[in-house]
Q: 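Dropping a structure here in structure tokens format, bear with me for questions.
So that the names make sense, note that chain A is the first sequence line, chain B the second, and so on, each numbered from 1. This structure is a prediction, so every number in the text was calculated from the model and none was measured.
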Amino acid sequence: MPELPEVETVRRGLEPALVGRRIAAVDQRRPDLRIPFPAGFSTLVAGRRVERIGRRAKYLLFGLDGGLVLICHLGMSGRMTIRPRGDNRPPDPHDHVVFTTDEGLRVVFNDRRRFGLMTLARAGEESSHPLLAALAPDPLDPAFTAGRLSGRLAGKATPVKAALLDQKVVGGVGNIYACEALHRAGLSPRRLARNVAGRRCGRLVPALVDVLTEAIAAGGSSLRDHRRTSGELGYFQHSFRVYGREGEPCPTPGCSGAVRRIAQSNRSTFFCGRCQR
DNA sequence: ACGAGAACCTGTTTGC
DNA sequence: TGCAAACAGGTTCTCG
């Protein structure tokens, strides 16, 4: 489900509910997600105040008092939803962790496919945590520039679409926004990464920045799993130019091509073979 | 060392 | 209608 805009939407939804609040109780309902929970997870988290909620690529980082950071990834199907005090719906079988705040509202982590994860790090050491250490800056990070991207694409013999999905090349981008950014940049997803430099890389950077910024403003894209913390859908899926639009006319003004779908490294790629070179 | 493909897990959609 | 195959927004491991 979640790429950068969806994770950022969740982060912004959680902030007002959690920052400054104390986590009164943690109900960890299974021993593992994609990886096991750390030993003593619920005990370590319970009782702490949430000082800040950050994001690194697709990871949420909850800064807790006492120098602890809760690292969370939503995987493909993870959701974080807020249930107001008094909402006593019984837990769904895929509700894996329930946090209750000192105000009595609950934050529920639900993940049907269990590709998500939660773990802990000491404050100040989270960026060197094995999960985060190799992540490239994301396109909304000031450290992300055409020069830096070009350097990370240089020499790569893989198609640029696959390179954009590599979190060591660009942080936060997934299958949807890779397709959308390449269309906006007029670049073929099949072009080798090493051949995207100079002017082509110069087009790709604003394409990434713009599509991610617009998607965040729309609350992300809800295809099947993504929900805002309120439970509402995002609506950027209505603004897709190519993703999921196989057979439709290319939306580029003056282009007479049609959107095609191909498989690249076992993922669907949507693009226009006419205006994307 | 790099890149392609499979694997992880569950649910939904598509095709015969 | 029913069942099997394909597919889904991510990451990581294995193999060549």
Q: Reckon Leu131(A) touches a base, only the sugar-phosphate, or nothing at all at heavy-atom distances under 4.0 Å?
A: sugar-phosphate
Q: Taking atom P in both dA6(C) and dG5(B), compute the distance separating them and give it to the nearest angstrom.
A: 16 Å
Q: Hey, does the side chain of Arg267(A) come within less than 4.0 Å of dG10(C)'s phosphate (OP1/OP2), counting only N and O?
A: yes
Q: Indicate the atoms forming the closest heavy-atom contact of Gly172(A) with Gln167(A), along with that distance.
A: N-OE1, 2.8 Å
Q: Whole-Å distance between dT11(C) P and Leu132(A) CG?
A: 11 Å
Q: Please tell me if Gln167(A) has a side-chain N or O lying less than 4.0 Å from either OP1 or OP2 of dT11(C).
A: yes
Q: Taking atom P of dG10(C) as reference, at what distance in whole Å does atom CD1 of Ile35(A) sit?
A: 18 Å
Q: Identify whether any heavy atom of Pro5(A) sits under 4.0 Å from a base atom; if not, whether one sits that close to sugar-phosphate; answer base, sugar-phosphate or nothing.
A: nothing
Q: Arg261(A) side chain: which of dG10(C), dA8(C), dT12(B) is closest?
A: dA8(C)
Q: Spell out, yes or no, whether Val50(A) and Ile82(A) are grouped together once hydrophobic residues are joined by side-chain heavy atoms under 4.5 Å, including indirect joins.
A: yes
Q: The side chain of Arg114(A) is closest to which nucleotide in this list: dG11(B), dC9(B), dG10(C)?
A: dC9(B)
Q: Taking only side-chain N and O atoms of Asn266(A), does any of them lie within less than 4.0 angstrom of OP1 or OP2 on dA4(B)?
A: no
Q: Among dG11(B), dT11(C), dA4(B), which nucleotide has an atom closest to any side-chain atom of Thr158(A)?
A: dA4(B)
Q: If the cut-off is 4.0 Å, is Lys156(A) near the phosphate of dG3(B), judged by side-chain N/O to OP1 or OP2?
A: yes
Q: Exactly one of Leu33(A), Asp32(A), Asn110(A), Val108(A) should register a side chain to side chain contact (heavy atoms under 4.5 Å, CB included) with His96(A). Which one does?
A: Leu33(A)
Q: Apply salt bridge (charged side-chain N to carboxylate O under 4.0 Å, His left out) to Glu15(A) and Arg12(A), showing your working.
A: CA-CA 5 Å; Glu15(A) 252 183 346; Arg12(A) 292 181 185 186; over 6 Å; no
Q: Rounded to whole Å, please give me the gap between CZ in Arg112(A) and C1' in dA8(C).
A: 10 Å
Q: Sub-3.5 Å donor-acceptor pair from the side chain of Arg184(A) to the main-chain atoms of Ala207(A), do we have one?
A: no
Q: If every non-hydrogen atom of Val173(A) is compared with every non-hydrogen atom of Pro139(A), which pair is closest and at what distance?
A: CG2-CG, 4.3 Å
Q: Taking the P atom in each of dA5(C) and dA6(B), what is the distance between them to the nearest angstrom?
A: 16 Å
Q: Mind calculating the distance between CG (Leu74(A)) and C1' (dG10(C)) to the nearest angstrom?
A: 11 Å
Q: Could you say whether Leu117(A) or Phe270(A) is positioned toward the 5' end of DNA chain C, judged by the nucleotide with the nearest heavy atom to each?
A: Phe270(A)
Q: Return the stacking result for dT11(C) and Phe115(A): yes when the ring centres lie under 5.5 Å apart and the planes under 30°, no otherwise.
A: no
Q: Kindly indicate whether the side chain of Arg113(A) and the base of dC9(B) share any N or O donor-acceptor pair separated by less than 3.5 Å?
A: yes
Q: Would you say dA8(C) has OP1 or OP2 under 4.0 Å from some side-chain N or O of Ser268(A)?
A: yes
Q: Can you check the His94(A) NE2 to dC9(B) C1' distance for me, whole Å?
A: 10 Å
Q: For Gly219(A) versus His226(A), what's the shortest heavy-atom pair and its separation?
A: O-NE2, 2.9 Å
Q: Contact class for Ala162(A) vs. all strands (heavy atom < 4.0 Å): base, sugar-phosphate, or nothing?
A: nothing
Q: Take atom CZ of Phe240(A) and atom C1' of dA8(C), then tell me their distance rounded to the nearest Å.
A: 13 Å
Q: Under a cut-off of 3.5 Å for both distances of each Watson-Crick or G-U pair, what dot-bracket string does DNA chain C give, using [ ] for crossing pairs and | for inter-strand pairs?
A: .|||||||.|||||||
Q: Under a 4.0 Å N-O cut-off, is there an ion pair linking Asp138(A) with Arg55(A)?
A: yes
Q: Mind calculating the distance between CD (Glu246(A)) and C1' (dC7(C)) to the nearest angstrom?
A: 13 Å
Q: Rounded to the Å, how far apart are Ile262(A) CD1 and dC7(C) C1'?
A: 17 Å
Q: With distance as the sole test, does Glu3(A) use its side chain to make a donor-acceptor pair with the main-chain N or O of Lys58(A) at under 3.5 Å?
A: no
